[in-house]
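Comments concern the structure below.
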Amino acid sequence: MIADAGADDAAAVVALWHACGLTRPWNDPDADFARALNGATSTILVARQGEGTVGSVMVGHDGHRGWLYYLAVRPDLREQGIGAALFDAAEHWLRIRSVPKVQLMVREDNDAALAFYDRIGLERQGVVVLGRFIQHEKHPH
C-alpha cells in the first residue's frame, strides 16, 4: 500500500534512507523530510507492508518539472516491484497536478539505480547539473 507520509513516519523513513545509503553528511535527512512534508508543492509517499515502512519517495515540483528524491526500497525487498510502484505513484501525484515532466538525479557511480531507471523507461537527459550550497544567514528575531 502506498500513501502520503505523515510526521509520525519521519523516523522510519529516515532510517530507511540511511539503510539504503541515500544520505550524505552535508544533507540533514530529518530537515529534508520535514521540508517536503510542509511544502505546498511537495510530499513524501511511503510503501507499507503490515506495520512496516518498506519504501519511500520524495516528490515535488516547480510548476513545470517534477522532481523525485530519496526513492528507497528496503534492501531485502528489492526486485519485487515496490520501487516501480513508488515511481508510478509519484508520477501520478505529479500528473494530477498537471506537471508535464518528471526528473531525478542519480549519482553517476550508482549503477544499480541507473539500471533500475533504465528498466522502467527513463532516459538520460542531455543536461549538466550545476549547483552550490547556499550559506544561510541567521535572522534576528
### Query
Which other residues belong to the hydrophobic cluster containing L122, where Ile, Leu, Val, Met, Phe, Trp and Tyr are joined when side-chain heavy atoms lie under 4.5 Å apart, directly or via other members?
I2, L45, V54, V57, V59, L68, L71, V73, L77, I82, L86, F87, W93, L94, V99, V102, L104, V106, L114, F116, Y117, I120
### Message
Taking R35 first and then D30, would you say they form a salt bridge - that is, a charged N and a carboxylate O separated by under 4.0 Å?
### Response
no
### Query
Can a salt bridge be assigned to the pair R107 and D109 using a cut-off of 4.0 Å between side-chain N and carboxylate O?
no
Any [X] side-chain heavy atom under 4.5 Å of [Y] side chain:
{"X": "L37", "Y": "I44", "result": "yes"}
{"X": "M58", "Y": "S42", "result": "no"}
{"X": "C20", "Y": "R78", "result": "yes"}
{"X": "W17", "Y": "F33", "result": "yes"}

### Query
So, does D9 use its side chain to make a donor-acceptor pair with the main chain of A5 at under 3.5 Å?
no
### Task
Indicate yes or no for a side-chain donor-acceptor contact from D62 to the backbone of H64 under 3.5 Å, with no hydrogens or angles considered.
yes
### Query
Among H61, K101, M105, which residue meets the side-chain contact (heavy atoms from CB on, under 4.5 Å) test with W67?
M105
### Distance (rounded to the nearest 0.5 Å) between T53 OG1 and R48 CZ
5.0 Å
### Query
Once you round to the nearest 0.5 Å, how far does CD of Q49 lie from CE of M1?
12.0 Å
### Message
Counting neighbours of CZ on R124 that are heavy atoms of other residues, nucleotides or ligands and sit closer than 6.0 Å, is the number greater than 12?
### Response
no
